[in-house]
Amino acid sequence: MPRSEPRSPYDGAWHSTFLYTNRFISAQRQTSDAPFFMIPTAPEGGANNNSPACKIEVPERLTVSHGALVRNGLTDRCICLPVREAVDAEILLVHSEEYLEAVKQTPHMTLEDLKEFTLQYGDVYFHPNIYHCAKLAVGSALQLVDSVLMGKVKNGMALVRPPGHHSMRSAANGFCVFNNVAIAAQYAKQKYGVKRILIVDWDIHHGQGVQYCFEDDPSVLYFSWHRYEHQKFWPNLKDSDYDIVGKGEGAGFNINVPWNKVGMENSDYLSVFCHVLLPIAYEFCPDLVLVCAGFDSAIGDLEGEMCATPDIFAHLTYLLMNLAEGKLCAVLEGGYNLTSLAQSVCQTVQTLLGDPLPPLTNLTGPCRSTLESLQCVRAAHRQHWSCLRHAVDLPTFEISTIRIKSSGEENKDEAEVWEEQKSPEEKIWPEPPKRVSPRVCSAVVLPDGVVCPDACERLSSSEDLGPHLLTLKKDFLKDADDSAVTALSRVFSLIDKMKNNEIRNGLALVGDAAMTMTCVVQHVAAEVDSRVFLVCVGNGNIPGHIIEDGKTLVVQISGEDTEEQGSKYYVPVCLKKGCTDTSGFAQAMFSLLLPLGYQHNPSLVLLVRMPGSGVCDIMWQQLTALLQSFAQGHTLVLLQEDDKACVGPTASILLGNPAPPLGQLPASLKEDAEAVERLRSRLQADWNLLLATAPENGGTDEG
Ligand code: Q6P
Ligand code: ZN
């Protein structure tokens, strides 16, 4: 090979690495230290291609990501297994025999022949070694699926090249040879009889190969968001638009969210999760979640030109981890800015390992273009998913006009607009801060004789009383008995330790949940800069001074027809059948609670279960789990003594176990859906992450 040939993407160092994170179902700590394994490729030969695209899918994508994982001590906490080659029968689960036979010939071709072979396909580069690499990439994804489905590991990530989501039954495309994730899904169905699989493709390109593979298959729900720009962006397909929802039996099981602008931010990504993906994914109730984990959707990537920061992937990952009992397999796709890629990979793996989530600040709400996409996607899927059936706001304007309309920038100020016009390589962003796990994950304050998992630290000694005992006696509890004072002072001491990051979360079983709640809010609100997210499940009066302190955002879910108050800090969700109604409750969680919590960005989550709330354990566990997204996991749960039986299920979630699935959700009551929608319309001026529709006449400042 002439020396002047530029390096092909498959020259150089390692081509395929593979790693598991080692969260065993019953393990509380990550202890395993199995070796990480990878195979060096022979750095020889290359199919020259003068396209600049060829320069970005490089071996350094893996070496740099792996290096960052090592530096952050994450590989030490993962179980890492050797890769294997996929066999023909596995590749044939998705690809045609003719195509496999053709790719098989590539290692034996001359460079001339390789170049010609390459020309049949779009944006893909064949190196004599790529067939071998591609078999390892598929094999890695399958190893991961095997280990997760056999219960050897809880979840994991496969770091592989070449990527897969563009490759089709009989065609390579977009750097992809075999469709790693599509094959993994077929394999899981065939070998393990998995009934329902969710594929989340957060790469910035549309995984049309995955879509084509499952478009008539209702057992695989494929979700993809992608840079689209009204079909001006590669791969420029009509098939990538929101109105492609699947065919025949599979209608409704393909979700496309087009980004019609660049520069999308964390708010845009989160609002799509809250208002489209999560409601539908929970209604679908997968047995397995596969992620096409491309990180070209992060800031700094010149392909994506988006502005979401690497820590968003911690949240996207976490929000999927309470589906399918935590059975999640992420497989690397794109991601070409090595700095951004490595940071994003670390954020993802760290979340799979169970570390506390980073706080997301500056959530300014979705931009108008995102709202248009949200509205279109929700309208297109309305007839297929009952969570969207009662949405009141769909569609309110001609969808066809959206395609040609160029959107305004009203949620961005001039500086930000200017920022977007600068050339994308100038983007800088701070390195995500370290995510430090407190020494103690969960601490409990329980009356004697009430049992809870050993892994919880029990606050019961006299030094756990903290410095608050006297003040308490004086201020709040003149008439209270000693055990109530003792319990409350332990709760205060627990909160102090959460603030100092010595303890992640806590649970207290108290005699009077309502009284304890009031005292705790007052205690925390006394701190400067504190913000509490109070989530109260069940009936009960919330004292007015809590709602008005401007630091506490209260969401109360109950069956009580609370007189609706005008405060942006008090959100009473009234469900017709109270908290027993799973679908209504779930809807409130995704479309109200999550956006509100994200935008409030609390320093403490206070979750209170009022006696007789009627909420079922599984719903309660899902709620507890989702709230871990906020306040770096600093959640205090208050249960009243009657709810003793709930200590175990709650502690399990606080310790980091995934919540059990809710089952396939039925349609919620029309009244409930409407109550949630009414609240959203009342509150969205103050909390714009609640928005899921473009304002009808909001186009005045369109460019
Ligand atoms: C991007 C090709 C073509 C530019 C126009 C799994 C990962 C990926 C691949 C993107 C290919 N650019 N000539 O594939 O989606 O990031
Ligand atoms: Zn991509």
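By convention here, the first residue in the shown sequence is residue 1. Atoms within each ligand, like the ligands themselves, are counted from 1 in listed order. Side chains are part of it too, since the values below use all heavy atoms of this structure and drop only hydrogens, waters and symmetry mates.
With ring centers used as reference points, F273 lies 6.0 Å or more from H315. Ring centroid separation for the pair W225 and Y242 does not come in under the 6.0 Å cut-off. Taking the ring centroids of F233 and H205, they lie under the 6.0 Å cut-off.
Atoms of ligand 1 lying under 4.0 Å from any heavy atom of G164, numbered from 1 in the order shown and given with element: 6 (C). The ligand atoms of ligand 1 that sit less than 4.0 angstrom from a heavy atom of Y336 are 7 (C), 8 (C), 9 (C), 10 (C), 16 (O). Here is the list of ligand 1 atoms found below 4.0 Å of a heavy atom in E303: 1 (C), 12 (N). Each of the following atoms of ligand 1 lies closer than 4.0 Å to a heavy atom of G174: 9 (C), 11 (C), 14 (O). Under a 4.0 Å criterion applied to the non-hydrogen atoms of E333, ligand 1 contributes the atoms 6 (C).
Counting heavy atoms under 4.0 Å from ligand 1, residue H166 touches it through the side chain alone.
With the Zn ion (ligand 2) as the vertex, OD1 of D203 and ND1 of H205 span 110° to the nearest 10°.
The closest approach between C176 and ligand 1 falls below 4.0 Å for a heavy atom of the residue. For E57, the heavy-atom gap to ligand 1 stays at 4.0 angstrom or more.
Between atom CD1 of residue I199 and atom CZ of residue F223 there is a gap of 13.0 Å, rounded to the nearest 0.5 Å.
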Is there a salt bridge (charged side-chain N to carboxylate O under 4.0 Å, His left out) between D146 and K191? Walk through the geometry before answering. CA-CA 9 Å; D146 276 331; K191 182 165 173 192; 3.1 Å; yes
Would K189 and D217 count as a salt bridge (charged side-chain N to carboxylate O under 4.0 Å, His left out) if you check the C-alpha gap in whole Å, the side-chain angles of each, and the deciding distance to 0.1 Å? CA-CA 12 Å; K189 278 172 54 175; D217 183 348; 2.5 Å; yes
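Shortest distance from the Zn ion (ligand 2) to D296 is reached at OD2 (N/O/S atoms only).
Note on ring orientation: taking the six-membered ring where Trp is involved, the planes of H226 and Y228 are perpendicular (angle over 60°, cut-offs 30° and 60°).
Of the possible polar contacts, one joining the H95 side chain to the M168 backbone as a donor-acceptor pair under 3.5 Å is found.
Looking at D301, I204, D123 and measuring to atom 5 (C) of ligand 1, the nearest heavy atom belongs to D123.
Across Y125, F126, Y131, a single residue satisfies side chain to side chain contact (heavy atoms under 4.5 Å, CB included) together with V177, and that is F126.
Between the Zn ion (ligand 2) and E303 there is no N/O/S contact shorter than 2.8 Å.
Not a single N or O atom of W234, backbone or side chain, sits closer than 3.5 Å to an N or O atom of ligand 1.
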